[in-house]
K.L.:
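Right, I'll just put the structure down here and ask away after.
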Amino acid sequence: MNNSALSIGETRAGSVCVVTLAGRIDSSNANDVMAALTRLITAGEKSILVDLGAVLYLTSAAFRALLVATDEAERQAARFALCSLAGHVRELFEMGGLTEVFAIHESREDALRQLG
Amino acid sequence: MTRPPELIYGVDERPPLPIVVGSAAQHIALMAVTLVFPIILAREAGLVGNQFLDLVSLSMLGLGAATVVFCLASPYAGSGFLCPAAFTAIYLGPSLFALRQGGLALVFGMTVVGGLMQIAIAPLLRRLRALLPPEIAGLVIAVVGLTLAGLGARYSLGLNDRQRIDPDYVIVAGLSLATMIVLNVWSRGYGRMFCVLIGMIVGYGLSAALGLLEFSKAMPPGGISIFRLPRLDHVGWSFDPLLVVPFAVASLAATLRAMGDVSNAQRINDADWVRPKFASLAGGVSANGIAVVFCGLIGSCGVNTYSSSIGLSGATGVTSRSIGYAVGIGFAVLAFLPPAAVVLAAMPLPVMGAALFFTAAFVFTSGLQMITARMLDARKNIVIGFSFAMAVVADVYHEALMGVPFVLRPIFGNSLVLGTVCAVALNLVMRIGVRQRVSMRLEPGRIGFEAVEQFLTQAGARWAARRDVIRRAVFGAVQVLEVIGAPPGGVEIEASFDEFNLDIRIRYAGAPLTVPDRKPSPREIVASEDGERLLAGYLLRQSADRIQGRRTADGAEMTLHYDH
């Protein structure tokens with residue numbers, strides 16, 4: 001398996017469902033991310049944290065997937081946040097002017113303290 | 001500029017007065033170590049009594065003025081960072097050479113010439129960047145670190161002409177150094193901030209106890225007064241065209257060191273630092289030239305930015321520019337107090353040694369970080385590796401290399417100058433055939449982003465391109481491919497690189513992409529794939545330094561340009 005291929009992991013930290021994304025997120029796999037997140041939201045998860053610390057880069061398709069999930073979470077009255085944006089990934093959020101659109105936490109620990 | 005979390009006081013912050021005074025005192029103590037160079041010059045020139053103290057006092061005035069000019073945040077001169085000054089071994093070799101040829105007047109005159117050359121180079125730095133890339137500045141810093149460590153070790157061990165170690169020196173230097181290390185690594189607050197100053201005070205105390213502190217050696221026969229206006233009796237100026245070459249080399253080496261030091265100061269103050277900011281570099285080099293001219297005019301030798309002090313500011317986390325102004329005031333006051341000149345002139349060698357050895361570690365590793373910030377290909381490995389080796393060879397085989405023709409001695413007799421000259425010359429040679437071009441073709445139905453990522457990353461590694469620029473280029477290429485989808489004739493990607501420019505050209509059958517200036521709203525992005533395309537175009541515009549689309553005979557060509 002290529003080490004930059006997308007992997008999606010799910011763990012639980014108390015009442016928060018933590019989704020760990022790793023690798024590249026582009027149009028070839030953004031739908032997988034969107035499907036995984038909307039499945040959790042529609043299944044009734046009320047706090048979802050997406051950890052982007054291991055993401056290498058993401059394209060506009062990935063941003064759209066995250067925005068769709070944010071909208072869905074709002075509709076279902078669930079809390080949806082991102083954490084651990086680093087390096088180029090953070091730059092892309094800043095370039096797109098999207099840091100204000102999402103609830104973003106510096107680290108997973110910070111996020112869990114606030115969501116938990 | 002992103003403030004690194006480990007900084008206690010950043011460059012634009014103003015610490016409380018006690019911190020300013022304590023930090024300035026610490027820098028003054030560390031900078032005073034370099035007064036050893038004008039002191040060597042004064043002793044070689046046979047100056048004694050008040051003339052000797054005058055040269056030391058005027059050198060302190062020079063250090064203070066130089067530090068203020070270096071720190072200025074002005075568009076004409078100054079780096080804008082805490083960038084203290086120091087007398088340097090770079091100018092010592094040519095100065096001693098000039099002293100033998102024509103006495104102190106020739107030293108001071110040629111020092112002025114050296115400063116003028118630096119002032120002339122400063123505005124050309126951006127154009128000369130191909131000849132003076134950051135890794136060469138890093139090499140200069142690393143060699144300075146090694147030189148400081150060597151000098152520090154020699155002073156600490158008290159080595160005499162027969163290479164015998166003096167146990168008293170080892171005790172003083174060892175305990176001073178241990179104090180600095182313990183405070184720097186395992187303490188916080190004042191302990192970490194003033195670790196070098198406290199270590200030096202411990203060293204002075206131990207030296208006094210062991211009889212190594214001799215103020216009498218620096219005292220004029222008739223005693224000293226508390227306040228005295230330094231006189232310019234020893235000052236005069238003369239010039240010799242034969243000495244232009246060694247002073248030009250010294251100017252270039254000092255320029256490279258200033259560029260390295262200012263880049264290092266930028267890096268310490270910016271967590272996101274990836275490349276030097278040329279306005280600040282030019283300001284620092286121009287300030288260096290002005291300071292060297294000033295020192296030549298008042299009868300002292302050439303100054304340079306001080307890698308140790310910048311290392312100290314990084315180690316203590318106090319990088320406020322106001323410390324530099326306080327240092328300037330401090331040295332200006334000390335210049336009129338002969339007892340201060342005596343105390344500094346009498347600084348025990350093992351105390352100097354401990355301070356130099358401690359700061360050398362930070363200087364050396366800063367240089368290494370600057371060298372390795374870029375991917376190193378075969379060319380750069382040769383430039384850096386050979387030049388570093390030549391710098392070491394200059395020290396190890398010093399006696400043998402002094403057998404070169406007279407005019408070349410200033411180059412071969414100094415590790416920093418030899419390493420620098422070697423690096424600049426090799427870098428010029430290695431630029432032959434440096435512009436490179438590669439291309440790949442993605443057949444219809446087989447457009448894989450992963451292959452594009454691998455292709456550009458491998459090309460970037462071969463070209464020694466900066467990783468951050470390659471990451472942006474990979475993103476740009478993949479983002480374009482994502483939007484154009486699967487064009488019927490496939491896609492051709494061409495990447496060309498020449499050290500300062502990376503261009504990615506993507507050719508396909510279809511229309512050029514729309515690259516909007518306007519940021520789409522989250523609502524637009526979610527509503528349809530058109531919104532996503534708008535975001536793609538907007539991200540491309542933001543991430544590339546230039547983006548251009550044009551129609552071609554076969555379809556369209558998108559060009560993404562990245563400054564390197």
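Convention: sequence-line order gives letters A, B, ...; per-chain numbering from 1. What you see is a predicted model, and the numbers here were worked out from it, not measured in a lab.
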K.L.:
Quick one: which of D71(A), V101(A), L58(A) has the most heavy-atom pairs under 4.5 Å with chain B, could you say?
P.N.:
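Of the candidates given, the most pairs with chain B belong to D71(A).
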
K.L.:
I need the residue from R472(B), Q542(B), E482(B) with the largest number of non-hydrogen atom pairs under 4.5 Å to chain A.
P.N.:
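Among the listed options, the one with the most contacts to chain A is E482(B).
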
K.L.:
Might you confirm whether atom CZ of R446(B) has over 12 heavy atoms from other residues, nucleotides or ligands at distances under 6.0 Å?
P.N.:
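For R446(B), atom CZ is not crowded (no more than 12 foreign heavy atoms under 6.0 Å).
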
K.L.:
Which value, rounded to the nearest 0.5 Å, describes the distance between L92(A) atom CG and F475(B) atom CZ?
P.N.:
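Here the rounded value is 5.0 Å.
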
K.L.:
With the side chain counted from C-beta on, respond yes when Y538(B) and M95(A) share a heavy-atom pair under 4.5 Å apart, and no when they do not.
P.N.:
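They are not in side-chain contact.
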
K.L.:
Let me confirm one number: the CG-CD distance from L56(A) to E453(B), rounded to the nearest 0.5 Å.
P.N.:
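Separation between the atoms: 6.5 Å.
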
K.L.:
Can you say whether R523(B) sits under 4.5 Å from chain A via the side chain, the backbone, both, or neither, judging by heavy atoms?
P.N.:
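Only the side chain of R523(B) comes within 4.5 Å of chain A.
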
K.L.:
Distance check, rounded to the nearest 0.5 Å: S27(A) atom OG versus F449(B) atom CZ?
P.N.:
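The OG atom of S27(A) sits 3.5 Å away from the CZ atom of F449(B).
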
K.L.:
Take atom CD of E100(A) as the centre, draw a 6.0 Å sphere, and report whether it contains more than 12 heavy atoms from other residues, nucleotides or ligands.
P.N.:
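Not more than 12 within 6.0 Å, no.
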
K.L.:
Does any heavy atom of chain A fall under 4.5 Å from the side chain of V483(B), the backbone, both, or neither of them?
P.N.:
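For V483(B), neither part sits under 4.5 Å from chain A.
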
K.L.:
Give the interface residues of residues 526-536 of chain B toward chain A, defined by a heavy-atom separation under 4.5 Å.
P.N.:
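Counting heavy atoms that sit under 4.5 Å from chain A, the residues of residues 526-536 of chain B involved are V526(B), A527(B), S528(B), E529(B), E532(B), L535(B), A536(B).
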
K.L.:
Kindly compute the distance separating NE2 (H88(A)) from OG (S543(B)), expressed to the nearest 0.5 Å.
P.N.:
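Those atoms lie 6.5 Å apart.
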
K.L.:
Taking atom NZ of K46(A) as the centre, does the number of heavy atoms from other residues, nucleotides or ligands within less than 6.0 Å exceed 12?
P.N.:
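It does: K46(A) NZ has more than 12 such atoms within range.
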
K.L.:
Counting only heavy atoms not in R188(B) (residues, nucleotides, ligands), do more than 12 fall under 6.0 Å from its CZ?
P.N.:
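Atom CZ in R188(B) is not packed in, count stays at 12 or less.
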
K.L.:
Taking only residues two or more places apart in sequence, or in another chain, which ones meet A81(A) in a side-chain contact (heavy atoms from CB on, under 4.5 Å)?
P.N.:
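Expected list: L49(A), A103(A), H105(A), L115(A).
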
K.L.:
Kindly write out the residues that satisfy salt bridge (Lys or Arg N to Asp or Glu O under 4.0 Å) with D498(B), not counting sequence neighbours, or none if the list is empty.
P.N.:
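Partners of D498(B) by the salt bridge (Lys or Arg N to Asp or Glu O under 4.0 Å) criterion, ordered by chain and then number, come out as R435(B).
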
K.L.:
Using the test salt bridge (Lys or Arg N to Asp or Glu O under 4.0 Å), find all partners of E74(A) that sit at least two apart in sequence or belong to another chain.
P.N.:
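E74(A): no salt bridge (Lys or Arg N to Asp or Glu O under 4.0 Å) contacts found.
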
K.L.:
A quick test of your reading: do over 12 heavy atoms of other residues, nucleotides or ligands sit less than 6.0 Å from CD of Q436(B)?
P.N.:
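Yes, enclosed.
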
K.L.:
Please name the pair of heavy atoms, one in R64(A) and one in I525(B), separated by the smallest distance, quoted to 0.1 Å.
P.N.:
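Minimum heavy-atom contact is NE-O, 2.9 Å.
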
K.L.:
I need the S60(A) OG to L540(B) CG distance, nearest 0.5 Å.
P.N.:
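Result: 8.0 Å between the selected atoms.
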
